[in-house]
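One structure is given below, encoded as structure tokens.
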Amino acid sequence: MENISNIRYGALPSNSPYIKPFRMRYVQDGITKDADLLKVHDSVCIIIYNRTTKKLIFVRQFRPAVYYAAVSENGSETDDNVNSTKYPPKLAITLELCAGIVDKDLPLKEIAREEILEECGFNISSDRIEEVMTYRSGVDTTGATQTMFYCEVTDDDRVTAGGGIDDEIIEVIELPMDEVEHMVKTGANVVSPPSFLLGVLWFLSNKKPQQ
Ligand SMILES: Nc1ncnc2c1ncn2[C@@H]1O[C@H](COP(=O)(O)OP(=O)(O)O[C@H]2O[C@H](CO)[C@@H](O)[C@H](O)[C@H]2O)[C@@H](O)[C@H]1O
């Protein structure tokens with residue numbers, strides 16, 4: 001996963017299937033304003049609790065956007081062929097909820113079910129998946145919706161090791177309660193998106209098993 005090389009930056013082609021940049025002009029209280037926006041897919045994410053191991057299940061992957069941000073914090077953002085000894089790719093290996101974009105005409109719960117299988121390797125029916133909440137995953141450049149789900153699995157539900165489909169490289173990781181609690185304490189600094197933190201906090205408030 002950390003074997004990253006030959007980094008190059010380039011302009012975004014206009015036919016990207018993932019991102020469409022555009023400008024919205026509008027008038028607010030008589031003042032004309034421009035907003036530079038990105039059209040992106042809506043998404044789902046899933047908090048997964050393994051009742052057999054009593055651990056939460058997450059995914060880890062190399063995220064180019066995080067790598068770019070980590071490198072540019074140090075002033076080398078437009079350099080091609082980034083020095084991966086100076087900036088090790090592990091800077092951008094994230095810890096996330098299982099998640100996926102909504103790029104199919106299927107019920108959101110079904111898309112969540114597919115992601116649980118593809119990324120984490122658990123084959124469960126969609127009636128075991130509980131809808132938690134829907135929110136805007138961004139409010140500045142995108143206003144896309146993300147719907148969060150929760151499910152409980154057991155080791156008996158595991159049918160593959162997970163890891164994603166096609167050329168995805170995803171590591172499945174199970175973490176015990178004390179470790180995840182640590183990640184949402186004051187002063188935490190995690191390489192994770194807000195959905196991870198929200199999901200962990202929701203779990204600890206609503207589902208944390210009694211010791
Ligand atoms: N911008 C991009 N450029 C190139 N290829 C891209 C791309 N976006 C997606 N892809 C491709 O599409 C595949 C599937 O992506 P997923 O559905 O797993 O969403 P992703 O995990 O990126 O984001 C999910 O997880 C993150 C973090 O948890 C959420 O923020 C997000 O909304 C949710 O969809 C990726 O493996 C990649 O090949």
Side-chain angles (χ1 to χ4, degrees), residues 1-4 6-22 36-48 56-70 72 89 91-122 126 129 131-151 160-175 180 183-184 188 190-203:
M1 184 186 302
E2 292 180 33
N3 182 14
I4 307 287
N6 292 68
I7 295 170
R8 295 279 186 282
Y9 297 113
L12 183 70
S14 58
N15 63 350
S16 164
Y18 305 109
I19 293 182
K20 291 202 187 320
F22 61 101
D36 292 349
L37 306 179
L38 289 174
K39 178 173 166 52
V40 300
H41 288 285
D42 290 339
S43 59
V44 299
C45 61
I46 311 102
I47 308 157
I48 308 172
L56 282 165
I57 298 178
F58 302 108
V59 294
R60 299 182 77 227
Q61 53 194 314
F62 175 78
R63 288 292 195 177
V66 176
Y67 190 68
Y68 170 82
S72 52
L91 289 171
I93 307 286
T94 56
L95 182 63
E96 307 178 20
L97 297 180
C98 170
I101 53 177
V102 178
D103 57 357
K104 294 178 203 155
D105 189 18
L106 284 176
L108 294 180
K109 203 178 267 193
E110 183 57 24
I111 292 181
R113 196 190 73 77
E114 286 185 0
E115 291 294 342
I116 296 164
L117 176 59
E118 291 167 6
E119 291 195 348
C120 299
F122 294 93
S126 55
I129 304 173
E131 189 167 326
V132 173
M133 63 178 101
T134 297
Y135 46 87
R136 300 287 162 181
S137 55
V139 292
D140 43 10
T141 49
T142 94
T145 289
Q146 184 166 70
T147 302
M148 179 177 279
F149 293 91
Y150 173 69
C151 71
T160 70
I165 52 167
D166 302 327
D167 55 4
E168 287 182 311
I169 300 177
I170 292 173
E171 184 192 337
V172 185
I173 181 166
E174 296 202 7
L175 294 178
V180 294
M183 290 174 188
V184 291
V190 289
V191 186
S192 296
S195 55
F196 167 87
L197 300 169
L198 175 63
V200 168
L201 287 168
W202 180 87
F203 176 84

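Atoms within each ligand, like the ligands themselves, are counted from 1 in listed order.
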Glu168 neighbourhood, listing ligand 1 atoms whose heavy-atom distance to it stays under 4.0 Å = 13 (C), 14 (C), 18 (O), 35 (C), 36 (O)
Between NZ on residue Lys109 and CD1 on residue Ile46, distance to nearest 0.5 Å | 12.0 Å
If you count the non-hydrogen atoms of other residues, nucleotides and ligands that lie under 6.0 Å from CG in Asp36, is the total more than 12?
-> yes
Nearest protein heavy atom with distance in Å, relative to atom 28 (O) of ligand 1 | Glu96 OE1, 3.0 Å
Could you find the nearest protein heavy atom to atom 33 (C) of ligand 1 and give me its residue, atom name and distance?
-> Ser43 CB, 3.7 Å
Close N or O approach (Arg63, ligand 1; < 3.5 Å) = yes
Pull out every atom of ligand 1 sitting under 4.0 Å from any heavy atom of Ala99, numbered as shown with elements.
-> 18 (O), 24 (C), 25 (O), 28 (O)
Give me the ring orientation class for Phe203 and Tyr150: parallel if the planes are under 30° apart, tilted from 30 to 60°, perpendicular past 60°.
-> tilted
So the atoms of ligand 1 within less than 4.0 Å of a heavy atom of Gln146 turn out to be 29 (C), 32 (O)
Atom indices of ligand 1, in the order listed, that fall short of 4.0 Å to a heavy atom of Glu119 | 18 (O)
For atom NZ of Lys39, decide whether the heavy atoms of other residues, nucleotides or ligands shown that lie under 6.0 angstrom number more than 12.
-> no
Sub-3.5 Å N/O-N/O distance, Ile101 and ligand 1 | yes
In Å and rounded to the nearest 0.5 Å, what is the NZ to CD distance from Lys104 to Glu110?
-> 8.5 Å
Identify the protein heavy atom lying closest to atom 5 (N) of ligand 1, giving its residue, its atom name and the separation to 0.1 Å.
-> Tyr18 CE1, 3.2 Å
For side-chain hydrogen bond (donor to acceptor under 3.5 Å, both in side chains), just list the numbers for Arg60 and Thr94, CA-CA rounded to whole Å, side-chain angles, deciding distance to a tenth of an Å, and then say yes or no.
-> CA-CA 5 Å; Arg60 299 182 77 227; Thr94 56; over 6 Å; no
Specify whether Tyr18 and His41 have parallel, tilted or perpendicular ring planes, treating 30° as the upper limit for parallel and 60° as the lower limit for perpendicular.
-> perpendicular
